[in-house]
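Everything on this sheet refers to the single structure shown next.
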Amino acid sequence: MLDRLDTTLRVRGGVRLEGSTSTHGAKNAALPIMAAALLAKGPVTLHRVPRITDVSVMWSLLESLGARLRYEGENTVTIDSSNVASFRAPYALVRKLAASFDVVGPLLGRFGRAEVALPGGCVLGTRATDLHEQAFIALGCDVRNQHGYLIAESKHARLHGADIEFRMPSVGATKNAMLAAVTANGTTTLRNVAMEPEVIDLANFLTAMGAKIAGLGTDTIVIDGVAELHGVEYEIIPDRIVTGTLLFCGVVTRGDVTIRRCVPAHVRSVLEKLTECGIEVTTGTDWIRVNAGAITGGTEILTAPYPGFPTDLQPQAVAFLCTAPGTSVVEESIFNARFSYVNELARMGADVRVSMESNTAVVKGVAQLSGAPVEAPDIRAGAALVVAGLAAHGETEIIGLEYIDRGYERLEEMLSDLGGQVQRSVGVTQLVEASGLFETTAYPRVSPASG
Ligand code: EPZ
């Protein structure tokens, strides 16, 4: 019998996308904001919380600490952390979601202590925590790693303010330092911080709860600690990575699509690259339209901290560039193992050469990709395989839908809004194999590492 039936995504290629769809709330803003609710003295109501697996893991983690959560509507969640009594986040949950580490800062702010399983590595490469630990120590904590857990404990009743300079702008460390500092005793200055929109959204949420934070949007943030933070109602920003993914889905089919309920400024670096490829881009206050009737060529991309080109759109960009005429070069500067999906693109006929020493992909556009059974190793690589499948001749069956569902709320519905023929199905290949009716050449399965 089959050990498990994969639910797969089946993508019909060759269909030109047109029309409009809307982006949902940002995964990478919702996760830290949910963690920040641990600091609220009263209930928190969040709007535009995407219904994705990563949110349900954070939900379970907060419940395991004693918080009470419930849906008030399709994407509205209330969080009551008045009964939170634990400061220990178990490995069983943290292993499923690196962003679980975002609870360290709030637990330190609330209890002066946190015991959180280390996120460890993931399929993208190492997920170090040295910058997080640098901040916790500066704010007055003893920090040690014990049996796979980070144990942080304040040496005084409350954390105290500090002047902290990061060697690089880390999204995670910036978030955790902010979350620990907002209720510290005194002023904290954070230098060389990440300026991603999701970090700004977290800071705006904390400010709405009564925190005092200045310098947002610059590389230096100044926080005046307050004694307590109150409950609040707040709307999460749109997901810029979902927005960019949908744009790449549209242009890879040479389509004409409009993405609504988004923030064009959050994907400016992406729009610039699409324009370089000859794509017509128009924007309004909360919408972007791309018309890819005549693509003139590829481009060069270097991923970088915001406002640079986002690493989370690197795989989707490479998938699109596989179909653009000429040669493109994509350099990944954030993660040291973010090209593993290229092997799957090659099985669809893509011509991509990856140099490990320079962490760079050289992409030669091909006339036609061909549909194939493929496997997604992580969230954004899964999205890249959807992009490629939309352009390919024939059908592409994508295993690893559980990764895509971690970051995209019903991606197949957004694509069907645009005329895409994308549907979930129980793995046909597995069913055929299980039936034993036909000899099938089972393609090599790579067991996907934990995301
Ligand atoms: C966030 O991860 C996002 N995740 C990632 O999105 C995104 O790719 C990344 O930022 C970069 O933009 C969430 O927000 C939940 P980092 P995070 O701290 O916080 C090194 C997705 O698909 N580093 O900026 O882990 C680290 O090893 C995900 O939605 C240290 O060396 O990003 C990595 O190479 C994938 N020491 C790089 O910095 C530290 O203490 C980026 O890490 C911390 C990080």
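Read the numbers this way: they start at 1 and go in the same order the structure lists the ligands and their atoms.
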What residue and atom, counting heavy atoms only, is the protein's closest point to atom 17 (P) of ligand 1, and at what distance? Arg127 NH2, 3.8 Å

If the cut-off is 4.0 Å to any non-hydrogen atom of Arg167, which atoms of ligand 1 fall inside it? 30 (C), 31 (O), 36 (N)

Any donor-acceptor N/O pair, Thr275 side chain to Lys273 backbone, under 3.5 Å: no

Is the contact between Asp312 and ligand 1 made by the side chain, the backbone, both, or neither, using heavy atoms and a 4.0 Å cut-off? side chain

Parallel, tilted or perpendicular: which fits the ring planes of Tyr306 and His266, with parallel below 30° and perpendicular above 60°? perpendicular

Within the 3.5 Å criterion, strictly below it, is a donor on Arg338 or Thr311 matched to an acceptor on the partner's side chain? yes

Among non-hydrogen protein atoms, atom 26 (C) of ligand 1 lies closest to Thr126 O, 4.0 Å

Report yes or no: does Glu133 have a heavy atom closer than 4.0 Å to ligand 1? no

Just need the protein heavy atom nearest to atom 32 (O) of ligand 1, so name the residue and atom and give the distance. Val171 CB, 4.1 Å

What do you reckon, does His132 put a non-hydrogen atom under 4.0 Å from ligand 1? yes

Identify, by atom number and element, the atoms of ligand 1 in contact range of Ala99, meaning under 4.0 Å from any of its heavy atoms. 15 (C)

A student comparing Gly382, Ala128, Ala29, Pro169 should find that the heavy atom closest to atom 23 (N) of ligand 1 comes from Ala128

Does some non-hydrogen atom of the protein lie less than 4.0 angstrom from atom 42 (O) of ligand 1? no

Quick test: of every protein heavy atom, which one is nearest to atom 19 (O) of ligand 1, and how far off is it to 0.1 Å? Gly172 N, 2.9 Å

What protein heavy atom is closest to atom 38 (O) of ligand 1, reported as residue, atom name and distance in Å? Met168 CE, 3.0 Å

Please check whether Glu196 reaches ligand 1 - meaning an N/O of the residue sits under 3.5 Å from an N/O of the ligand, judged on distance alone. no

Holding to side-chain contact (heavy atoms from CB on, under 4.5 Å), I want the full list of residues that pass it with Met195, two or more places apart in sequence or in another chain. Asp219

Examine ligand 1 and decide if any of its atoms is less than 4.0 Å from a heavy atom belonging to Arg338. yes

Does Tyr234 have its ring centroid less than 6.0 Å away from the ring centroid of His47? no

Got the closest protein heavy atom to atom 4 (N) of ligand 1, with its distance? Asn28 ND2, 3.7 Å

Which segment of Ile334 sits under 4.0 Å of ligand 1 when only heavy atoms are counted: both

I'd like to know if the side chain of Asn75 and the backbone of Val49 have a donor-acceptor N/O pair within less than 3.5 Å. yes

Minimum side-chain heavy-atom gap Leu385-Glu375 below 4.5 Å: no

